[in-house]
Amino acid sequence: MRKFAVLACLLLPIQTTLAQDQGREIAGPRAVLEYRDRPPVENRHLEERIDTLLPALMEETNLDMWLVLNREYAEDPIYFSLVPQPTFAARRTTMLVFHRTDDGVDRLTVNRYPLGAPFESAWEGGDLDSQWQALGELIVSRNPARIGINVSRNWPVADGLSHALHQRLLEVLPDDYADRLLPAEDLVVRWAETRTADEIETYAHTVSLARSVIAEAFSSRVITPGATTTDDVAWYLRQRFAELDLPVWFMPYVNAQRLGQTCESDTAFCGEGGIIQAGDVLHTDVGICYLRLCTDTQEMGYVLKLGETEAPKGLMDALNVGNRWQDLLTDEYVTGRTGNEITAATRAECARKKIDCSVYTHAIGFFGHAPGPTIGMWDDQDGTPVHGDWPLHANTCYAIEGNIKTPVPDWGGQLVQIKLEQSACFDGKTVQYLAGRQTNWHIVR
């Protein structure tokens, strides 16, 4: 109960601030589920995905069977997205077999420890040799023409089949089955990038939690100008997420820009660490995972100087330019377009509107940097082979990430970099931000 009391104190005023920013009302604080209450939600999502999504994706990628083979503590990267929770490891050797039929997809396991629903055990137990023999016999009995295995040169998440397991698989199959084994990379990427309606609803809640904690960190509750450092704020974010049982998938990052610092048009990232001063522009980058879904968020703050009641007009205008850049990017989201095409079109539109922009947007989901179309890289704006050639699909989610640089009259024309990253989903026609987006500065008074 103490955790929910702490959460209520933390989130209630912050949710009100976010509601005003997003133009909507929030009835009260949002709770983070206790660990014991998370598996039912996660497993409901899993069953929906396997029942409705996997059959369509296997048909789309033309696979009759999909094998996901794992050893304890050397699990396939996609393994944990396929098994019910709580699961912490692939006990000994765990074999997942998905076989497409006229009625959907059979979900079978060949392993010592049954996983339970939604899987059916296809082996009664024995030693490792008999387990492998059982797998070979199962595959032959189903006689699939195209068998997907997780090997990939270009997609790490689809390259989870180790060399040793691959060799053992070949040993238990008839010789003519080797030609039936095909890379399952398209299926893995489509499985990882696609979200169901229930997942998207949960996702919006998770993103709101991330934004709420940022709002507290960029406030006078945490920052004392002239005393607090950027590292202090970064560690506050890390600690606060830990207190709320929200795992981070990277160390939070905080930096500051100020009048007199160098920020050139060809500088990738502007901002430094150190003691936070009045008049500073703050930036943070955080990512949390909750109910199997990961966020990636960057927002901006401003530290008021004596006599100020709001950010200078030049900075407010700069944030507006950042929002226009976001609109230029999301306007280019069209089903079937590749990440490289979206990047090129966005940068061309920025050039026409004289906006100095950089695009480095990526998919999110089971991973913070998830598979899907790469839409620019911060260090390469001219197109990314393979990942940038992946097409945009409906029901996929993204960290709308990038930055703009613009001169600020209040700073004597010095360039200020607005670095934004907000989670959003594409439904096939439009992009919707999962918990709104930053349109006003976080203010430290």
Side-chain angles (χ1 to χ4, degrees), residues 39 42-55 57-59 61 63-151 157-184 187-188 191 292:
E42 295 167 334
N43 294 339
R44 187 179 72 244
H45 289 171
L46 174 62
E47 293 202 27
E48 179 189 23
R49 289 178 63 84
I50 289 182
D51 287 343
T52 64
L53 181 58
L54 187 57
L57 294 182
M58 289 186 70
E59 181 177 5
T61 55
L63 290 178
D64 302 305
M65 180 175 283
W66 182 26
L67 305 177
V68 183
L69 310 180
N70 313 263
R71 286 190 289 192
E72 192 166 359
Y73 306 124
E75 291 82 5
D76 187 305
I78 208 66
Y79 171 74
F80 290 104
S81 75
L82 291 164
V83 294
Q85 293 302 307
T87 296
F88 292 93
R91 303 287 298 276
R92 299 186 186 176
T93 298
T94 295
M95 303 166 173
L96 308 182
V97 180
F98 301 94
H99 181 223
R100 182 161 62 97
T101 70
D102 292 338
D103 298 322
V105 172
D106 289 344
R107 297 80 63 113
L108 307 170
T109 62
V110 182
N111 57 288
R112 191 75 172 107
Y113 297 89
L115 290 171
F119 291 92
E120 176 186 348
S121 180
W123 180 57
E124 294 184 357
D127 61 18
L128 184 59
D129 288 339
S130 65
Q131 181 181 4
W132 277 101
Q133 189 63 35
L135 175 65
E137 291 172 357
L138 172 62
I139 294 170
V140 171
S141 71
R142 297 294 180 117
N143 193 29
R146 296 172 60 85
I147 306 169
I149 57 174
N150 293 352
V151 294
V157 71
D159 194 36
L161 182 62
S162 71
H163 177 73
L165 294 184
H166 191 184
Q167 291 301 109
R168 194 73 187 269
L169 175 63
L170 292 172
E171 291 171 6
V172 299
L173 291 176
D175 291 342
D176 62 340
Y177 268 67
D179 291 337
R180 304 189 189 192
L181 300 178
L182 304 168
L187 174 59
V188 173
W191 169 262
R292 298 204 207 204

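As the structure is a prediction and not an experimental result, all values here were calculated from the model.
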In short, side-chain hydrogen bond (donor to acceptor under 3.5 Å, both in side chains) pairs touching residues 157-175 with sequence neighbours left out are D129-R168
Residue pairs involving residues 86-115 (criterion salt bridge (Lys or Arg N to Asp or Glu O under 4.0 Å); sequence neighbours excluded): D51-R107, D64-R100, D106-R142
Nearest-0.5 Å distance, CZ of residue R180 to CD1 of residue I149: 14.0 Å
Could you state the interatomic distance from CH2 (W132) to CG (L69), rounded to the nearest 0.5 Å? 5.0 Å
If I compare all heavy atoms of A178 with all of L170, which pair ends up nearest, and what's the gap? CB-CD2, 4.1 Å
Residue set satisfying ring-ring contact (aromatic ring centres under 6.0 Å, His included) with Y177, at least two apart, ordered chain then number -> none
Report the C-alpha separation of L187 and M58 in whole Å, then their side-chain angles, then the decisive distance to 0.1 Å, and conclude whether the side chain to side chain contact (heavy atoms under 4.5 Å, CB included) test is met. CA-CA 7 Å; L187 174 59; M58 289 186 70; 4.1 Å; yes
Are any non-hydrogen side-chain atoms of L96 and V83 less than 4.5 angstrom apart? yes
Which pair of non-hydrogen atoms, one from N111 and one from P114, has the smallest distance, and what is that distance? ND2-N, 4.0 Å
Tell me the side-chain hydrogen bond (donor to acceptor under 3.5 Å, both in side chains) pairs involving residues 117-126, sequence neighbours left out? none
Would you check if L57 and L53 make a side-chain contact, meaning some heavy-atom pair closer than 4.5 Å? yes
L115 and P84 have their tightest heavy-atom pair at O-CG, 3.5 Å
Run the numbers on I139 and V172 for side chain to side chain contact (heavy atoms under 4.5 Å, CB included), then give the verdict. CA-CA 10 Å; I139 294 170; V172 299; over 6 Å; no
Can you tell me how far the CH2 atom of W66 sits from the OG1 atom of T61, to the nearest 0.5 Å? 9.0 Å
Is there side-chain contact between I147 and L63, with heavy atoms separated by less than 4.5 Å? no
CD-OG1 distance between E47 and T52, expressed to the nearest 0.5 angstrom: 11.0 Å
All pairs passing side-chain hydrogen bond (donor to acceptor under 3.5 Å, both in side chains) where residues 72-87 contributes a residue, at least two apart: D76-N150, S81-W191
Pairwise distance CG(L54) to CG(L82) - rounded to 0.5 angstrom: 7.5 Å
Nearest 0.5 angstrom please: M65 CE to L182 CG, how far? 13.0 Å
Any residue meeting salt bridge (Lys or Arg N to Asp or Glu O under 4.0 Å) with R292, in chain and number order, not counting sequence neighbours: none
Apply side chain to side chain contact (heavy atoms under 4.5 Å, CB included) to the pair T109 and V97, showing each step before the final yes or no. CA-CA 6 Å; T109 62; V97 180; over 6 Å; no
Shortest non-hydrogen pair, V68 vs N70, comes out as O-ND2, 3.1 Å
